[in-house]
Each structure stands twice: as C-alpha cells, then as structure tokens.
Protein chains: 4
Amino acid sequence: MKDDEEQAGGRMRADARRNEDAVLEAAKTVFFTSGVDAPVREIAAMAGVGVGTLYRRFPKRADLVAAVFRREVDACAAEARTLAADNPPGRALELWLKRYTDFIATKRGLAAALHSGDPAFDTLPAYFQSNFEPALATLLAAAAATGEVRGDIEPYDLLRAIGNLAVGSGVDPAGHTQRMVALLIDGLKCGARRQGEDAV
Amino acid sequence: MKDDEEQAGGRMRADARRNEDAVLEAAKTVFFTSGVDAPVREIAAMAGVGVGTLYRRFPKRADLVAAVFRREVDACAAEARTLAADNPPGRALELWLKRYTDFIATKRGLAAALHSGDPAFDTLPAYFQSNFEPALATLLAAAAATGEVRGDIEPYDLLRAIGNLAVGSGVDPAGHTQRMVALLIDGLKCGARRQGEDAV
Amino acid sequence: MKDDEEQAGGRMRADARRNEDAVLEAAKTVFFTSGVDAPVREIAAMAGVGVGTLYRRFPKRADLVAAVFRREVDACAAEARTLAADNPPGRALELWLKRYTDFIATKRGLAAALHSGDPAFDTLPAYFQSNFEPALATLLAAAAATGEVRGDIEPYDLLRAIGNLAVGSGVDPAGHTQRMVALLIDGLKCGARRQGEDAV
Amino acid sequence: MKDDEEQAGGRMRADARRNEDAVLEAAKTVFFTSGVDAPVREIAAMAGVGVGTLYRRFPKRADLVAAVFRREVDACAAEARTLAADNPPGRALELWLKRYTDFIATKRGLAAALHSGDPAFDTLPAYFQSNFEPALATLLAAAAATGEVRGDIEPYDLLRAIGNLAVGSGVDPAGHTQRMVALLIDGLKCGARRQGEDAV
DNA sequence: GATGAATGAGGGTTCATTCAT
DNA sequence: GATGAATGAACCCTCATTCAT
C-alpha cells in the first residue's frame, strides 16, 4: 500500500516521489476549494512544480482525480487501523465514522466527475468498496463483540447511508450532517442494548 | 400561474414567447445531458435561435438556470392538480411522488449551481417550497381522508426525504432510488392501516 | 438652410423631423461622451426611438456622423449672424471665436473618424470651410472696419490656428486652450492699434 | 536602456525575446494602420505568434500600447545620439527634429488612448519627457555652441510646439506639417544669426 | 526529467444590421 | 413608418496541452 504508484520503484524516487506527493496534496486542496475543474496551473503552482511535470505523471485530468481519490481512500482506510489500535472498539468505530463522514463531505465535488463516464473512473467505486467495507467490517465486528453496538448491520449499508446523509453537506454549514450521523451512531448503540436483552 | 413570464402581455408575443419556450426547453435538455455549464451556443443551437436571442432574455447564465428551474417546478406542481383530477386520491399521490422523484433526479446537476451563492438563486428554494408543499399537502390530505395513507406526515418532511433518497441517483442506473421511494410509499400506506386499527 | 435635410419637404414632417432632431441631438451627446464608436443602441435609446428608425434615416454610421457634423457647423455658423446682430463688431468677433473654439473642442472625437477615408466624409471639410470662412470673414471685416482688430488676417488661417491650438484640449482641463485663444484675440486687437498708427 | 525589458535576464531569453520583439513590431504597425483598437488576433497573426503568447506578455491591451510607446520613444531618443555622432551639430539637430516629427505623426492614434484615464498610461508622459527633453537639450546646446541656432529655446517648448504643429498631420498628406517644422527650424537658425549680431 | 513558453481551440459576450410585426 | 426582436459575425480571453530548452 505504501508503494501504490510507481510500483517498480526505480531510481530517483526521492525527487519524483516528493513532487508527486506535492502535486496530490495540492490537487486535493484545489479540488476542494475550486472544484475538480480548476485550472491545471493552479494545482501546479500550489505544488511548486511546472505544468509539464504534472502532465508527465498525470497525462489526463482524470488520472489526477483518480489518484487523489485513491490517496484519500487509502488515508481514511488506514486510519481505521490506527483508531482501532488506539481506542476501545466502540470509540474507534465512532471516531472512524466521523472521519469517514469528513471524507465524504470533502469529496462532494468529485461526485459529478466520478459519474462522468470517463473510463479512468471505472475502478474507483470498487476501490472505494474494497477498502472501506473491510475496514468498517472490522470495526463493527469488534464493537459488536464487546456489545457496544448491534451486530446486524451491513458495513455497506452503513457506508451508503452516511454517504446519502452527507449529500447536501455543502448546503449545510450548521453541522446538520454530523448531527444526523451522530444520531445514526446512537441508533447503532441503542440497537445493541436491545439485542443484548433479546439475547438474554 | 399560466402567465408567469411576460405578465403584461405586450405585442409580438407570438414570436418572442415561442422562442422563449424553445430556449427553456433546449436548456432543460442540455442542462441534463451536458450539465449547467454547457456552452451557450449548444443551447441556442438546439433551440434554433441565435445566441443573441438567448442573451437578450437571459443576460446571465444564472437567469436561464433559474428560469428552467422555475418552469420545471411549475410543470411538476401543475401535474399534482392534473393527477388529482384524473385518479383516486391514493393513486394520485403515488403517481405524483414518482413524478417528483423524476424531477429531483433530473435536477441533480442544478444542485451545485443552486448553492453557488449567486443571488439569482436566492429565491429558488422558497419558490420550490411554496409550490410543492401545498401541492403535496393537498394530495396527502385527500389520500388520508379516504384512509389510504396515514395522516401524520408533514409534506415538507416527505419532500425532503425523497430529495435525499434521490441524491445519488446519477450513480444508480438500476432504479435503486425508485425502489426506495416505492418503499417509502408503502410505508405511508402501511401506516394508514395501523392508524385505522388504532382508531378503532 | 432651415430645410437642409428632407429638402422635398413631404408630409408627416412633424413626426419625422422631430425624430430626426432627437436622433441628431442624442448622437451629438453620445459622440461626445462615449466617442463616435458608441453603440447605435445607446443613441437610439437616448433619442427615444427604435434602432430601426435610426437606420432608416442614417443607413451607415458615417451618415449619422456627417449629419451631426453638418448640424453643428450650421449652428455655429448661424451664431455668427446672431452675434453680429446683437453686439458691436469687436465683441461679436470675440464671442464667436470662443464659440468656435468650443465647437472644435467638442468635435475632437470626430477627427479620427473624419480621416478614416470613408467617402461619406469627403465633402465635410469643404462644408466646414464654406460655412465658417464667410462667417468669420464677415466678422473680421466688420471689426477691422471699426479699427478694433487688424485687417490683414486671413479667415482661414485663423480658423486653422484655433483648430491647432485646441488640439490637445482633451488633455487640458485647465482652460489652457481658451487662454491661448484669448491671447490670439488680444494679438488681433494689438495689431489693429499698431496698424492704425501706421496708417496715420 | 539597452536592457529595458527582462532586466534580470533569465533563461530561454532567445525564444521569448524574439517573440516579444515580433509582437511589439507587429503592434506598432497594426496600431498605425488599424488603430489601437485593432483586434488582438491581427497583431498576433502579423507577429507570427498565438494570441496566448501575446496575452501572456501583455495581459491588458494597455500594457501592449504602453510597451509600443516606450519602445518608440527609446528608438527615437537613441537616434539623437546616433545623429549627433555622425553629423555636425546643426545638421544633427535638424535631422532629429524631422525624426521626432515623424514619431509624433505616427503616434497620432495613441493620443486618444493615452488620455483614456487608464492607469497603465499614467507614467508615459513622464517617460516621454524624461527621454526626449535631455536628448533635445543636448542637440540644442551643441548647435547653439557653434552658433548655428539661437540659444534661448527651451527644449520642452520646442517638443510641444512640434507636437501641436503635427496635430492635424493625418489630414495633411501634402507635407504641410513638415513644411511648418522646417519653418520652425529656419526660425531657430535665423534667431541664431540675429543673436550673434546682438552679441557684437 | 523539469520547466514554463507557446499554441490555438473553445466559450463568453457584444452589437451592427435586418426584418417581421 | 416605427419598433425592437432576432441574428450571427467578430472579439476577447482562458486554459488544456504540447514541446523547445
């Protein structure tokens, strides 16, 4: 996972990798502030590289968009492991769901691009699912095992539910989405108790 | 409502009105297929008018977007009356909710524009609500009166719920949204029966 | 002279003439404030007529420019007669030269157009000269006859001199041009006295 | 002075400088033939570059106009030195004044632009004066020192006088202006002789 | 490899001019 | 005749993309 791009890992990794990181970081920021249609120059400038460099690594804009998306998915999924290691299961689940909500919110602008029909995006939904579903499954299972949440929730349904709840988050500066997600999490816990009772 | 634009009804309406209709119809189509940022020329060409004509009536793109939106709201709201006249209350409600779902689905592209902060869009949410809320309220009341659906549903909540359900509809070519909405309608009917039992 | 345009003087003179006057007046103003390349619509709007009306009378922009120019020449030349009738010769001359200076100043924008090579402008210099030269000749002769100014000045030279002096008048908000013209007039008077002495 | 643009002299100057030169040369020509409002494309085409190149270097039209103006001022002022080196003082003065007259004549179209109030032009008058005044002062002093012209002429007055004389030069295809300037130069020489006599 | 200058298609907008009403 | 709606050519300007350095 740490070597996702540039698998063959040739020479000059220091320079090249630094640039690629800078570009992806800049693109993430610019996509968020100016949308995915922001001028290439804006991204190159913020990354401190020439446009030629950017084009060398990401010949099509969709390549860049996809790379940013994957990178963000990686980061968010990785955090599931970190949170699970550092917190009790219920707390880890809760923190990660909030983290995932943020991911969805900042990716709002990408949605339109993702559905543009560009083949470069074809694999992204699967990438999304294959990273997030196991991550959430693990967190859910751990929290269910300690009785902190109910155990009959499908990870995919939860991912999708939050995705939908977060949909209008651009409109909602008042944290409506986070409140709804919190409600949902409460629902998970509440269900756990009842399940426990039933089990007994 | 039938004379919303050009109220004073001046001279040469035939020509002008025909063009305006053509432009709005073309814009609706193009906005749907190519997004709200589609080239002005594309819309003008499809409407069979020169770009100048389009600019005369809609100096800013936002003016055109807003006009298309209002026109669609009008059409959808008007259909509530038609359906109510031609169908039994429960059926009318059901048909209109599907119609409204389609409205939301095709307006997906507008969402981003609407939240762009352009003052030309400031009045649209109110326009949306002031047309749809009464329309749905009437349908709901009629269907509740015949016992076909439960009577404790707020029109606004239902509008918003469907809006959220339909959110990812671009992603969903398999009619997922329509199935969810159907489920919701079933819930309305189901609630009606239970309410009836309670009442007894 | 009072029927310069529309010589045949047909019916409907009231309406038509009123419009033509309004157009010329508006054009004069707009040419001064926005330049001779100002949008036709601006002129039509200020005149309170449709663009079609303007085009009917002045098919080419140059026609309008020429008509405005002639009208202003007429007005300025006519004033020579009025001033001569109402003032002593020296005073009349002085007042008219100031009037002529204003004419030149406000026509600054036209200069470029006049030299554009458009055939519609070919007759304007002659029109200018054939109106202004006699007008000034008369004033000069009268003032010379009373000994108020020297008698050896060619009207054309004076017209041209003032024209040149007024050349930078756009740059000169401080009345530089008017001061120079005043100086020139003083020169005329001063010469007169010396001539008188010589004559004795 | 020889390195006015691109002082720091970065890399790739060959290409860029060549283009800039071509653009300025083309702009000078086009401004003269078609006026300062000529289409950008016309200039780009004549310079053999894309419009983008032109916009890169001169984002606003006023930038291009100002650059052309400065370049012409530079060229004309530089010629004062050349002429002084290659001719006797009186002849050098005479030749340069004719050269300056040409400069004024071809810049006629710029006058309106210069007084448009655009801040990009604010520094041009000072640039004009700070280049031409010393250049002419040197020529005048040298010619006065050899007794070829009178010594009581202010360079600025002479520059301005020729500027005014050349004002109608568009109208004057018959060399009227050059004749007037020649007359003026004669006056300078004539004054010199009389001054000499007075001195004796 | 990195850079950024150059290119030019593409899209917005204006306005002279025509012509149906 | 007067009107002003419609037209579309012509401009401006912005970037995506290429390519010489």
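Note that these values count all heavy atoms, side chains included, but never hydrogens, waters or copies made by symmetry.
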Among B/Asp37, B/Val36, B/Thr106, side-chain contact (heavy atoms from CB on, under 4.5 Å) partner for B/Phe31 =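 For B/Phe31, the side-chain contact (heavy atoms from CB on, under 4.5 Å) check succeeds only for B/Val36.
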Taking [atom1] from [X] and [atom2] from [N], how many angstroms apart are they, rounded to a whole number?
{"X": "A/Arg57", "N": "E/dT3", "atom1": "CZ", "atom2": "P", "result": "10 Å"}
{"X": "D/Leu54", "N": "F/dC15", "atom1": "CG", "atom2": "C1'", "result": "16 Å"}
{"X": "A/Glu20", "N": "E/dA2", "atom1": "CD", "atom2": "P", "result": "10 Å"}
{"X": "D/Asp63", "N": "F/dC13", "atom1": "CG", "atom2": "C1'", "result": "14 Å"}
{"X": "D/Arg18", "N": "E/dA6", "atom1": "CZ", "atom2": "C1'", "result": "13 Å"}
{"X": "A/Arg17", "N": "E/dA2", "atom1": "CZ", "atom2": "C1'", "result": "19 Å"}
{"X": "D/Phe58", "N": "E/dA5", "atom1": "CZ", "atom2": "C1'", "result": "14 Å"}

Which stems does DNA chain F form, counting runs of 3 or more consecutive Watson-Crick or G-U wobble pairs with both distances under 3.5 Å?
->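 Correct response: E:2-21 with F:2-21.
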Gap between atom [atom2] of [Y] and atom [atom1] of [X] - 0.5 Å precision:
{"X": "A/Glu25", "Y": "A/Met46", "atom1": "CD", "atom2": "CE", "value": "10.0 Å"}
{"X": "B/Arg57", "Y": "B/Leu24", "atom1": "CZ", "atom2": "CG", "value": "9.5 Å"}
{"X": "C/Phe58", "Y": "C/Glu20", "atom1": "CZ", "atom2": "CD", "value": "4.5 Å"}
{"X": "A/Arg56", "Y": "A/Asn19", "atom1": "CZ", "atom2": "CG", "value": "11.0 Å"}

Taking for each residue the nucleotide of DNA chain E bearing the nearest heavy atom, is the 5' side occupied by C/Tyr55 or by D/Gly52?
->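 With C/Tyr55 and D/Gly52 compared, the 5'-side residue is D/Gly52.
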Would you say [X] reaches [N]'s phosphate, i.e. side-chain N/O to OP1/OP2 under 4.0 Å?
{"X": "C/Thr53", "N": "F/dT3", "answer": "yes"}
{"X": "A/Asn19", "N": "E/dA2", "answer": "yes"}
{"X": "D/Arg56", "N": "E/dT7", "answer": "no"}

Under 4.0 Å from any atom of DNA chain F, heavy atoms only: list the residues of residues 28-49 of chain B that qualify, in numerical order.
->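 Those residues whose heavy atoms fall under 4.0 Å from DNA chain F, taken from residues 28-49 of chain B in numerical order, are B/Arg41, B/Gly48, B/Val49.
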Given DNA chain F, 5'-ward residue of the pair C/Val51 and A/Val51, judged by closest heavy atom =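 With C/Val51 and A/Val51 compared, the 5'-side residue is C/Val51.
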5'-most contact on DNA chain F: A/Arg61 or D/Lys60, nearest heavy atom basis?
->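 This one resolves to D/Lys60.
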NZ of D/Lys28: more than 12 outside heavy atoms within 6.0 angstrom?
->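 Open: at most 12 neighbouring heavy atoms sit under 6.0 Å from NZ of D/Lys28.
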B/Phe121 atom CZ: more than 12 heavy-atom contacts under 6.0 Å |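 It does: B/Phe121 CZ has more than 12 such atoms within range.
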Do A/Asp74 and A/Tyr127 have side-chain heavy atoms sitting under 4.5 Å apart?
->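 They are in side-chain contact.
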Is there a side-chain contact between A/Leu64 and A/Tyr55, using heavy atoms and a 4.5 Å cut-off?
->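 Contact flag for A/Leu64/A/Tyr55 side chains = no.
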